[in-house]
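This report concerns only the one structure given below.
Residue numbers start from 1 in every chain, and the chains themselves are labelled A, B, ... in the order their sequence lines are given, proteins ahead of strands.
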Number of protein chains: 2
Amino acid sequence: MSLNKMHLKTLLLLAEKDAYVKSVSFTTPILAQQLGTSQQSASRILIKMEKEGLIERRIFGRISYVKLTDKGINELKNLYIELKSIIERPMEVTLEGRVFSGMGEGAYYLSLEWYRRQIKEKFGFDPYPGTLNVNLLSKDAIENRELVKKHADIEVNGYHNSLRSYGRVRGIPATFNDKDICAILFIERTHYGGNVIEIISPIYLRGKYGLKDGDKVKVTVSLPPASIKSLEREIKIGMEK
Amino acid sequence: MSLNKMHLKTLLLLAEKDAYVKSVSFTTPILAQQLGTSQQSASRILIKMEKEGLIERRIFGRISYVKLTDKGINELKNLYIELKSIIERPMEVTLEGRVFSGMGEGAYYLSLEWYRRQIKEKFGFDPYPGTLNVNLLSKDAIENRELVKKHADIEVNGYHNSLRSYGRVRGIPATFNDKDICAILFIERTHYGGNVIEIISPIYLRGKYGLKDGDKVKVTVSLPPASIKSLEREIKIGMEK
DNA sequence: ATTACTATTTCCCGAGTAA
DNA sequence: TTTACTCGGGAAATAGTAA
């Protein structure tokens with residue numbers, strides 16, 4: 001990819017107009033306007049691109065026609081392939097942090113049949129009755145927690161009875177210390193801050209790894225490749241900020 | 001898209017290294033080498049991209065880490081979406097030309113039950129027993145004939161008996177004068193040049209349109225969007241030239 | 001080793017203008 | 001109307017160098 005900004009913009013404009021299956025009339029003032037530059041620059045750009053074999057030009061009378069060459073199209077295709085390989089692949093997100101003891105609230109929730117049954121159904125394992133609290137270490141990890149949270153789309157419904165109400169929980173499958181299956185839970189009404197994740201697993205992780213408070217652990221999540229649909233939503237969200 | 005060449009290249013490099021889910025160490029000499037520019041330029045590029053909010057930098061000791069911001073990622077995603085919309089869409093290819101009379105060879109072939117039956121099966125219509133020969137007018141049309149030929153993947157097998165052999169034919173469905181279904185046939189051993197296409201149709205097109213030799217007609221083909229697989233092949237072919 | 005400043009050169013843009 | 005030249009100003013790249 002050795003295209004400069006204006007050359008790339010011009011290729012995109014031409015490709016949009018199907019200039020790879022037909023010649024398109026394209027005067028220098030019009031190109032200039034579309035590129036947000038001067039007529040002189042547009043002229044120079046076309047001359048240079050023709051020299052580089054990216055486009056072909058033909059002049060019939062007073063109108064000149066432009067067409068993309070195979071090389072021009074391939075520049076776009078190559079860039080597309082490069083972007084596609086980057087964007088349409090799963091993202092491996094790592095969250096590292098240190099174990100700490102909570103107040104047993106996780107254990108209480110998981111002791112409730114309502115939650116336990118849903119987790120069994122939706123995550124595919126019977127959770128050990130307790131959550132492992134992890135305090136995230138780095139700024140990266142804390143940022144990635146937000147990213148993971150956006151993708152945590154497995155919902156465990158809350159409920160309420162005459163005594164109290166129990167909040168909703170969202171979660172996402174993950175891997176613990178590169179080995180064990182687990183899930184990260186995002187509890188709606190948690191009293192932990194944005195630097196904490198709560199882990200559930202079919203096994204007793206503290207036991208298996210002999211974990212004490214302060215021990216470092218690693219939780220890995222594979223996020224799906226950003227599909228166009230989710231991309232568009234994210235971009236809109238980004239713009240609203 | 002208002003990224004210049006180097007900024008785009010840098011974003012691509014960073015994205016390849018997953019710099020949107022973790023900070024990546026990236027010194028200015030290394031970046032310079034990857035971009036094919038000087039250390040000073042690399043430094044300037046990083047400073048500018050940081051100012052523009054495309055990246056974030058943190059310095060721990062003597063190593064500096066770079067991470068893509070949401071804005072940086074979205075620049076790539078937007079470009080990807082733009083390219084995707086261009087590349088992954090069907091191409092409407094138009095071939096215009098003038099009708100001329102052949103030597104009745106097409107009619108002879110179509111009178112043979114062997115060909116007629118295969119066309120019925122593979123194109124979904126019973127062909128009128130004759131081909132309409134079209135002499136392509138423009139350079140564009142002649143170039144597009146080659147493009148269409150590459151995509152003509154419906155095969156009608158030839159055969160041979162004791163008297164003579166009958167050549168293979170490849171074809172592709174098309175639309176005649178924006179209305180009628182038809183197909184363009186590419187006959188293996190034709191005596192016509194690269195500026196001629198032969199059309200078959202379930203109806204008698206000469207009759208329906210009152211066509212005389214020299215009359216202008218239009219044949220439209222919808223080519224499938226270039227999939228990655230076919231892209232890679234085309235690029236290799238392009239390189240071999 | 002780094003990063004990034006200043007100076008010089010090189011390149012690009014746009015105004016004016018010819019054909 | 002076009003396209004595309006020359007030319008002057010300014011931006012961007014590299015070299016040298018400091019921190």
Side-chain angles (χ1 to χ4, degrees), chain A residues 1-14 17 19 22-69 72 75 138-140, chain B residues 1-14 17 19 22-69 71-72 75 79 138-140:
Chain A
M1 219 277 295
S2 55
L3 293 169
N4 70 34
K5 178 179 162 182
M6 285 309 189
H7 288 197
L8 175 56
K9 268 192 162 183
T10 306
L11 287 182
L12 286 170
L13 276 172
L14 287 169
K17 301 196 175 185
K22 58 172 183 264
S23 296
V24 173
S25 99
F26 227 58
T27 67
T28 51
I30 288 170
L31 176 60
Q33 186 229 314
Q34 308 237 37
L35 292 177
T37 187
S38 64
Q39 176 271 322
Q40 292 88 337
S41 293
S43 173
R44 242 203 327 270
I45 288 162
L46 290 177
I47 291 168
K48 207 167 178 191
M49 288 179 75
E50 194 173 16
K51 270 188 193 157
E52 289 172 6
L54 298 169
I55 60 169
E56 277 173 13
R57 292 201 292 172
R58 290 171 211 152
I59 296 160
F60 292 127
R62 51 180 62 250
I63 307 168
S64 75
Y65 294 87
V66 185
K67 194 175 181 181
L68 289 176
T69 62
E75 287 286 345
S138 66
K139 198 160 176 281
D140 273 6
Chain B
M1 220 273 297
S2 56
L3 294 168
N4 70 35
K5 177 180 163 181
M6 286 309 190
H7 289 196
L8 175 58
K9 268 190 161 183
T10 306
L11 287 182
L12 287 169
L13 277 172
L14 288 169
K17 301 196 173 181
K22 57 174 183 264
S23 296
V24 173
S25 97
F26 227 60
T27 66
T28 51
I30 288 169
L31 177 60
Q33 185 229 313
Q34 307 237 37
L35 293 176
T37 187
S38 64
Q39 175 274 320
Q40 292 88 338
S41 293
S43 173
R44 204 168 17 75
I45 287 163
L46 289 177
I47 292 167
K48 206 168 178 192
M49 287 178 75
E50 193 173 17
K51 270 187 191 157
E52 289 172 8
L54 297 169
I55 60 168
E56 277 173 14
R57 291 200 292 172
R58 289 171 212 153
I59 297 160
F60 293 126
R62 52 178 62 252
I63 306 169
S64 76
Y65 293 87
V66 185
K67 194 174 182 183
L68 289 177
T69 62
K71 188 180 171 188
E75 287 286 344
L79 180 58
S138 66
K139 198 160 174 282
D140 273 7

Original post:
Within the structure shown, what part of the strands sits under 4.0 Å from B:S41 by heavy-atom distance: base, sugar-phosphate, or nothing?
Top reply: base
Below the 4.0 Å mark, does C:dC12 have OP1 or OP2 next to a side-chain nitrogen or oxygen of A:K5? no
In whole angstroms, the gap separating P of C:dG14 from CG of A:L35 amounts to 10 Å
With the side chain defined as heavy atoms from C-beta on, B:Q40 is closest, among C:dT2, D:dT17, D:dT3, to D:dT17
On a heavy-atom basis, the closest approach of A:S25 and A:I63 is CB-CG2, 3.7 Å
So, is B:R57 close to the C:dA4 phosphate, meaning a side-chain N or O under 4.0 Å from OP1 or OP2? yes
OP1 or OP2 of D:dA13 under 4.0 Å from side-chain N/O of B:R44 = yes
B:I45 CD1 to C:dA4 C1', in whole Å, measures 13 Å
note: A:L31, atom CG; C:dG14, atom P; distance rounded to Å ~ 12 Å
To the nearest angstrom, the CD-P distance between B:Q33 and D:dT14 comes to 14 Å
From CD of B:Q39 across to P of C:dA4 the rounded distance in Å is 9 Å
Picking from D:dT14, C:dG14, C:dA4, the nucleotide nearest the side-chain atoms of A:T37 would be C:dG14
Picking from D:dT2, C:dT2, C:dG14, the nucleotide nearest the side-chain atoms of A:T27 would be D:dT2
Closest to the side chain of B:I47, out of D:dA12, D:dA4, C:dA4, is C:dA4
Separation of D:dA4 atom P from A:K48 atom NZ, nearest Å, is 15 Å
Would a distance-only check, ignoring hydrogens and angles, find a side-chain to backbone donor-acceptor pair under 3.5 Å from B:K5 to A:L8? no
- Determine yes or no for a side-chain-to-main-chain donor-acceptor pair under 3.5 angstrom, with B:T69 supplying the side chain and B:L54 the backbone. yes
- Item | Donor-acceptor contact present, side-chain A:T28 to main-chain A:S43, <3.5 Å | no
B:S43 near the nucleic acid: base, sugar-phosphate alone, or nothing, with a heavy-atom cut-off under 4.0 Å? base
Rounded to whole Å, CD1 of B:I59 lies from P of C:dA1 at a distance of 19 Å
Close side-chain approach of A:R58 to B:D140, heavy-atom, < 4.5 Å = yes
Taken to the nearest whole Å, CG/A:L46 to P/C:dC13 is 13 Å
